[in-house]
Amino acid sequence: MKMDLITNVTEYEAIAKEKLPKMVFDFYASGAEDQWTLKENRNAFSRILFRPRILVDVSKIDLTTTVLGFKISMPIMIAPTSMQKMAHPEGELATARAASAAGTIMTLSSSSTSSVEEVVSTGPGIRFFQLYVLKDRNVVAQLVRRAERAGFKAIVLTVDTPMLGRREADIKNRFTLPPNLVLKNFEGLDLGKLSVTSVGLASYVDRSLNWKDVKWLQTITSLPIIVKGVLTAEDTRIAIQAGAAGIIVSNHGARQLDYVPASIMALEEVVKAAQGRVPVFLDGGIRRGTDVFKALALGAAGVFRQMI
């Protein structure tokens, strides 16, 4: 398919499959184990139907919204995606420029192939920093402070990865980061030789991560902390008690625990438990504007969408 004939986001996937090496495409596109949740992330949207009301004046439509006090052009933000330079030489730098041009928020993965400083050098923009808590808390503190110094506006704490999901496509492909790329945010940090394979990076993540660590993060940064990876009312209430400034309903793109609900199916439960105390966002399965509308109708304050 020619690029000028693309009419929706899904059609980019077929082009990507043609152009990217199999190992890279599978890394971006696959899920954990049977990939039931990966399919359900999409299928669940098709079971949510509209009750349209008619003869309402829609001649003036305003899509702008406010997220943590920042005004953006639409309730669609960019979710963290690691190692973007595997897909394009510009990687996260191009994503940063695109987000700024669109007037929305970019979330930079801590496992990015461009550093926080390089992303900021692309120009102005509202940016959040996604964080994995590593075993070495000194390294975590350095990452957070670098993001804060660089002008990032929030920390997006990923909480659903105490260990890496069994992503069988990556195992079959013997996934490893191409030798010409590095995880730029970890350069110069005392982590030894960083192994970026289907299982290697996970060995640095702290499996003891718990709610006390959300409190600890608040002692090392003044940035608001958004908790990403919540799927239940119980964890929603605990997150708010722990001081979370926002919650992202997410199953990690179905890449962690298979047979958990689609994010959109968990959204209403989380929204009800939050009781308006913090904004709730949705991550996962979004392909069309109708998907965004469904999320908003179920109480989301906005959605995060991966660009790769």
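Treat the numbers as computed from the prediction; the structure is a model and nothing was measured.
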### Query
Are side-chain N/O atoms of D283 and S263 paired as donor and acceptor at under 3.5 Å?
no
### Shortest non-hydrogen separation from L68 to A154 and the atoms involved
CD1-CB, 4.1 Å
### Heavy-atom pair with the smallest gap, counting every atom of T236 and A274
CG2-N, 3.7 Å
### Task
Find the distance between OG (S222) and CD (E148) and round it off to the nearest 0.5 Å.
4.0 Å
### Task
Only counting residues at least two apart or in another chain, list the ones meeting side-chain contact (heavy atoms from CB on, under 4.5 Å) with W211.
V214, D235, I238, A239, A242
### Query
Hey, does the side chain of D26 reach the backbone of D170 with a donor-acceptor pair shorter than 3.5 angstrom?
no
### Task
Check the pair R288, D291 against side-chain contact (heavy atoms from CB on, under 4.5 Å), reporting the backbone distance first and the verdict last.
CA-CA 5 Å; R288 289 186 177 272; D291 299 335; 4.0 Å; yes
### Query
Is Y12 atom OH crowded by more than 12 heavy atoms from other residues, nucleotides or ligands, each under 6.0 Å away?
no
### Message
Is there a salt bridge (charged side-chain N to carboxylate O under 4.0 Å, His left out) between R97 and E90? Walk through the geometry before answering.
### Response
CA-CA 10 Å; R97 288 192 290 266; E90 289 288 297; 2.3 Å; yes
### Message
Tell me if the CZ atom of F293 is crowded by more than 12 foreign heavy atoms within 6.0 Å.
### Response
no
### Check: S30/Q35 side-chain N/O donor and acceptor closer than 3.5 Å
no
#### Entry: Test item: R146 side-chain N/O and A141 main-chain N/O as donor-acceptor pair under 3.5 Å
no
### Task
Could you walk me through whether F281 and V67 pass side-chain contact (heavy atoms from CB on, under 4.5 Å), step by step?
CA-CA 10 Å; F281 307 98; V67 172; 3.7 Å; yes
#### Entry: From H252, K228, Q256, residue fulfilling side chain to side chain donor-acceptor pair (under 3.5 Å) relative to D160
H252
#### Entry: Spatial distance of atom CD (Q241) from atom NZ (K215) [nearest 0.5 Å]
8.5 Å
### Task
Report the relative orientation of the aromatic rings in F27 and F175; use parallel for angles under 30°, tilted for 30 to 60°, perpendicular for over 60°.
parallel
### Query
Would you say W216 and N210 make side-chain contact, with heavy atoms under 4.5 Å?
no
### Cluster overlap I48 with V280, hydrophobic side-chain contacts below 4.5 Å
yes
### Message
Check whether S46 reaches the backbone of N43 with its side chain - one donor and one acceptor, N or O, closer than 3.5 Å.
### Response
yes
### Query
Which heavy atom in N251 sits nearest to a heavy atom in P261, and how many Å separate them?
ND2-O, 3.0 Å
### Message
Are I240 and I247 packed together at the side-chain level, in the sense that at least one heavy-atom pair is separated by less than 4.5 angstrom?
### Response
yes
### Task
Please determine if E187 and K184 form a salt bridge, counting it only when a charged side-chain N lies under 4.0 Å from a carboxylate O.
yes
### Message
Please determine whether side-chain contact (heavy atoms from CB on, under 4.5 Å) holds for the pair V270 and T232, giving the CA-CA distance in whole Å, both sets of side-chain angles, and the decisive distance to 0.1 Å.
### Response
CA-CA 6 Å; V270 173; T232 66; 6.0 Å; no
### Task
Looking only at non-hydrogen atoms, find the nearest pair between M265 and A44 and report the distance.
CG-CB, 3.8 Å
#### Entry: Distance (rounded to the nearest 0.5 Å) between D258 CG and L38 CG
8.5 Å
## Note on the structure
Between M77 and the options I72, V303, I126, I248, the side chain to side chain contact (heavy atoms under 4.5 Å, CB included) test singles out I72
### Task
Taking T161 for its side chain and M163 for its backbone only, find out whether a donor-acceptor pair lies under 3.5 Å.
no
### Message
If you define the side chain from C-beta out and look only at heavy atoms, does anything of I15 sit under 4.5 Å from I6?
### Response
yes
### Query
Which residues satisfy the side-chain hydrogen bond (donor to acceptor under 3.5 Å, both in side chains) test with R53, sequence neighbours excluded?
none
### Message
Looking at R137 and D213, is there a salt bridge between them, counting it only when a charged N and a carboxylate O are closer than 4.0 Å?
### Response
yes
### Query
Same cluster for V249 and I264 if Ile/Leu/Val/Met/Phe/Trp/Tyr side chains link at under 4.5 Å?
yes
### Query
So, S73 side chain and T64 main chain: donor-acceptor pair closer than 3.5 Å or not?
no
### Message
Check for me, please, whether L164 and Y259 land in the same ILVMFWY cluster - side-chain distances under 4.5 Å, paths through other members count.
### Response
no
### Message
Between Y204 and Y132, is the ring centroid distance below 6.0 Å?
### Response
no
### Message
Taking the basic N atoms (NZ, or NE/NH1/NH2) and the acidic carboxylate oxygens, is any pair closer than 4.0 Å for R166 and E168?
### Response
yes
### Query
Where the side chain of R42 meets the backbone of G285, is there a donor-acceptor pair that is under 3.5 Å apart?
yes
### Query
If only atom types and distance count, is the side chain of T37 paired as donor or acceptor with the main-chain N or O of E40 below 3.5 Å?
no
### Query
How far apart are the closest heavy atoms of S114 and K85, and which atoms are they?
OG-CE, 3.3 Å
### Summary
Taken in chain and number order and not counting sequence neighbours, the residues that satisfy side-chain contact (heavy atoms from CB on, under 4.5 Å) with A29 are E13, F25
### Query
Is K17 close to L20 at the side-chain level, that is, under 4.5 Å between some pair of heavy atoms?
no
### Message
Contact between M74 and T104 at the side-chain level, heavy atoms closer than 4.5 Å - yes or no?
### Response
yes
### Task
State, without any angle test, whether E92 and T113 hold a side-chain donor-acceptor pair at a distance under 3.5 Å.
yes
### Distance in Å, S82 OG paired with N185 CG, rounded so as to fall on 0.5 Å steps
11.5 Å
### Query
Less than 4.5 Å apart, any side-chain heavy atom of I155 and any of F128?
no
### Task
Let me see the working for V230 and S250 under side-chain contact (heavy atoms from CB on, under 4.5 Å), right down to the final yes or no.
CA-CA 6 Å; V230 175; S250 172; over 6 Å; no
### Short side-chain to backbone donor-acceptor contact, R277 and A273, under 3.5 Å
yes
### Side-chain heavy atoms of R287 within contact of R305, under 4.5 Å
yes
### Query
Is the closest side-chain donor-acceptor distance between Q130 and T158 under 3.5 Å?
yes
### Message
Check for me, please, whether I226 and L143 land in the same ILVMFWY cluster - side-chain distances under 4.5 Å, paths through other members count.
### Response
no
### Message
Are V156 and F129 packed together at the side-chain level, in the sense that at least one heavy-atom pair is separated by less than 4.5 angstrom?
### Response
no
### Task
Ignoring hydrogens and angles, tell me if any N or O in the side chain of D34 forms a donor-acceptor pair with the backbone of W36 under 3.5 Å.
no
### Task
Can you measure from OG1 (T221) to CZ (R145) and round to the nearest 0.5 angstrom?
8.5 Å
### Query
Backbone N or O of L223 within a donor-acceptor pair of the K153 side chain at under 3.5 Å?
no
### Query
Side-chain heavy atoms under 4.5 angstrom apart, residues restricted to Ile, Leu, Val, Met, Phe, Trp, Tyr: same cluster for V159 and L131?
yes
### Message
Nearest 0.5 angstrom please: Q84 CD to S112 OG, how far?
### Response
8.0 Å
### Message
Please give me the minimum heavy-atom distance between V227 and A244, naming the atom from each residue.
### Response
CG2-CB, 3.7 Å
